[in-house]
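Atoms within a ligand are numbered from 1 in the order they appear, just like the ligands themselves. Basis for what follows: all heavy atoms, side chains included, without hydrogens, waters or symmetry-related copies.
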Amino acid sequence: MAEATAPLVLVVEDEPAQAELLRINLEREGLRVLHADNGEEALLLASEYRPDLILLDWMLPGLPGVEVCRRLKAGRGRSDIPVIMLTARGEEDDRVRGLDTGADDFVVKPYSPRELMARVRARLRGSRAASVGAVLRYGDLELNGETRKASRAGTPLRLGPIEYQLLAAFMEHPERVWSRELLLDRVWGLNVTVETRTVDVHIGRLRKALARAGAPDPIRTVRGAGYALDLSEKP
Ligand code: CA
């Protein structure tokens with residue numbers, strides 16, 4: 001079982017055996033998997049769950065994969081989700097068109113699961129770096145995704161698991177403003193009923209853990225919007 005905070009991958013594949021193979025391989029990597037067997041459903045799931053990555057089959061019944069990709073990349077709030085297109089051998093023209101539509105990468109079927117998973121990890125490194133073991137730095141903060149330890153100005157931080165996940169999300173996207181709802185999805189997981197004010201409680205604990213005499217508070221409260229990790233502001 002993948003952790004609630006593991007990166008989420010949306011698999012769009014109409015052939016059940018292929019979809020199952022992908023699920024097995026992705027779960028083996030510790031990732032969570034959502035599945036759609038047609039393009040319409042894929043677009044709905046992408047908007048509702050904001051997956052960290054989409055694996056998109058080229059040949060789908062109804063809406064073709066290329067059109068799904070175009071709409072994903074044009075849609076607000078989901079255009080930055082990386083898309084890896086899965087195409088059949090010999091679709092070289094399609095391959096070019098696939099990239100034209102904004103697909104971030106493509107893999108030709110039949111693919112080796114090992115190679116595909118390497119591409120998946122490479123794409124996730126951009127958006128979910130801490131989850132795939134990277135060391136992140138921002139200002140005087142450092143977070144090691146492999147050892148799951150964090151420090152400020154070289155001094156180790158004592159963080160609970162929720163505070164660690166909050167800091168990891170912030171450090172993957174410094175200066176991005178996170179709504180409480182997005183933080184809930186990201187840190188507590190999907191379909192979990194937690195009140196948004198719980199986020200404020202844990203942000204408070206994270207602030208306390210990060211506090212250093214004379215050093216600025218790195219977490220900015222953005223009124224009406226949420227929170228951001230931000231050391232850029234000059235007093
Ligand atoms: Ca297919």
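Of all protein atoms, those of element N, O or S that lie under 3.0 Å from the Ca ion (ligand 1) number 4.
Using modelled atom types, no side-chain atom of Asn25 and backbone atom of Pro113 make a donor-acceptor pair closer than 3.5 Å. In terms of modelled atom types and a separation under 3.5 Å, the side chain of Arg220 and the main chain of Asp230 share no donor-acceptor contact.
A salt bridge is absent between Arg50 and Glu181: the closest approach of a Lys/Arg side-chain nitrogen to an acidic carboxylate oxygen does not fall below 4.0 angstrom.
At a cut-off of 3.5 Å, with distance as the only test, a side-chain donor of His202 or Glu163 sits close to an acceptor on the other residue.
For the pair Arg180 and Trp178, the cation does not sit on the ring face, since its NZ or CZ is not both under 6.0 Å from the ring centre and inside 45° of the axis.
A search for salt bridge (Lys or Arg N to Asp or Glu O under 4.0 Å) contacts involving Arg207 returns Asp217, not counting sequence neighbours.
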